[in-house]
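Comments concern the structure below.
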Number of protein chains: 2
Amino acid sequence: MQGGLTIGDLAERTGLAVSAIRFYETHGIVQPVRNAGGHRRYGRPDIRRLSFAMIAQKLGFSLSEIAAEMADLPAHQAPSKADWTRVSERMRDGINDRIAQLERLRDRLDGCIGCGCLSLDTCALYNPDDTLAGEGSGPRKLIRD
Amino acid sequence: MQGGLTIGDLAERTGLAVSAIRFYETHGIVQPVRNAGGHRRYGRPDIRRLSFAMIAQKLGFSLSEIAAEMADLPAHQAPSKADWTRVSERMRDGINDRIAQLERLRDRLDGCIGCGCLSLDTCALYNPDDTLAGEGSGPRKLIRD
DNA sequence: TTAGAAATTACACCTGAGTCGAAGGTTGAA
DNA sequence: TTCAACCTTCGACTCAGGTGTAATTTCTAA
């Protein structure tokens, strides 16, 4: 074992699959050192880094966004209380934005219920500035006109 | 042409790519007939069916959900005003659910800002009943304990 | 009639967030 | 020393929602 947690230990402690932890490594979320045999060895702060990433994912952030957020933090070091506060405030703003977007959409839909026009030219639902699914890989072609 | 719109006509009228319309067909959203040469021929109601699908997508529904919704409606027929009202009310309910989910999440996060515990055992963010991304293919392994 | 536009199919490829399996190497306790 | 358990890499596969390409056929207007 010689200093550090194995990937299996980390998987057990975080509930993540071993494969997922390796995958997160490709995104720079954790950066384990290697022992003589080439096996990954993690520090205790990595548990917290992964916990952090898991929560951020639940909040709707992509792995790339999470990695960008974590890049500010020193590798091999757990996010401090101040770090967590700063990042979680940014997260809350993101959630609020999404709520507001959905509310605007719902209000527009309310205006349309019972209308049934579905006209490409006049329907208010056709040209919303904000599209729900900026996430994912939908049709990139925007509806023009 | 002999009766009906070509897939190109439909693409032009809806703003969708021809390839996307064919893809929607595999999901049962439109069901064109074929002419003697094997080309797809659409009716005018299909414009409305596609418009309907595009709006529903914006509202966050998957193609499968949309197809299920459309299955109630007669194929080759435009959704009537009553159909549209019924479906759009269901959609609004879906949006409201998602807003409520996000609000619960935000409230929990608010409770955690400044806490910084990130403890697997005690953090309220770890075991939320509702996960933001029920969509997509995230880690299927749930966090136990 | 004939050029060329538009249609057809089938298959490969893309992102994101992973999972799974094969084939082989390392570790650590008895 | 042995041997199971664990680890390594790499590539393929998943799912959604498509896009792009190739080879071929059909349609339409001059």
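The structure presented is a predicted model; accordingly, all values stated were derived computationally and were not measured. Chain letters run A, B, ... following the sequence lines, proteins first, then strands; residues in each count from 1.
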| Nucleotide nearest B:H39 when distance is taken to its side chain, options C:dG18, C:dG25, D:dC27 | D:dC27
| query | Is any side-chain heavy atom of B:I47 closer than 4.5 Å to a side-chain heavy atom of B:R44? | reply | yes
| request: Please state how far atom CG in A:D9 lies from atom C1' in D:dC6, giving the value in whole angstrom units. | output: 10 Å
| said: Using a strict threshold of under 4.0 Å (side-chain N to carboxylate O), is an ion pair present between A:R34 and A:E25? | reply: yes
| Counting just side-chain N and O atoms, does B:Y24 come under 4.0 Å of either OP1 or OP2 of D:dG17? | no
| Distance in angstrom units between B:E65 CD and D:dC15 P, rounded | 17 Å
| field | Nearest-Å distance for atom pair CG/P, residues A:L50 and C:dG18 | value | 11 Å
| said: To check you understand the geometry: which heavy-atom pair defines the closest contact between A:G8 and A:V18, and what is its length? | reply: CA-CG2, 4.4 Å
| request: On DNA chain C, check which nucleotide each of B:I7 and A:L63 is closest to and give me the residue with the more 5' one. | output: B:I7
| task | Could you tell me whether A:R34 contacts a base, only the sugar-phosphate backbone, or nothing, with contacts defined as non-hydrogen atoms closer than 4.0 Å? | result | sugar-phosphate
| query | Touch check for A:R40, heavy atoms < 4.0 angstrom, all strands: base, sugar-phosphate only, or nothing? | reply | sugar-phosphate
| query | Rounded to the nearest Å, what distance is computed from the CD1 atom of residue B:I21 to the P atom of nucleotide D:dT19? | reply | 10 Å
| Rounded to whole angstrom units, what separation is found between the CG atom of B:N35 and the C1' atom of C:dT8? | 11 Å
| request: Check the distance between D:dC10's C1' and A:F23's CZ and give it to me in whole angstrom. | output: 15 Å
| query | To the nearest angstrom, how far is B:I66 atom CD1 from D:dA16 atom P? | reply | 13 Å
| Protein-nucleotide distance (B:E25, atom CD; C:dT8, atom C1'), rounded to Å | 12 Å
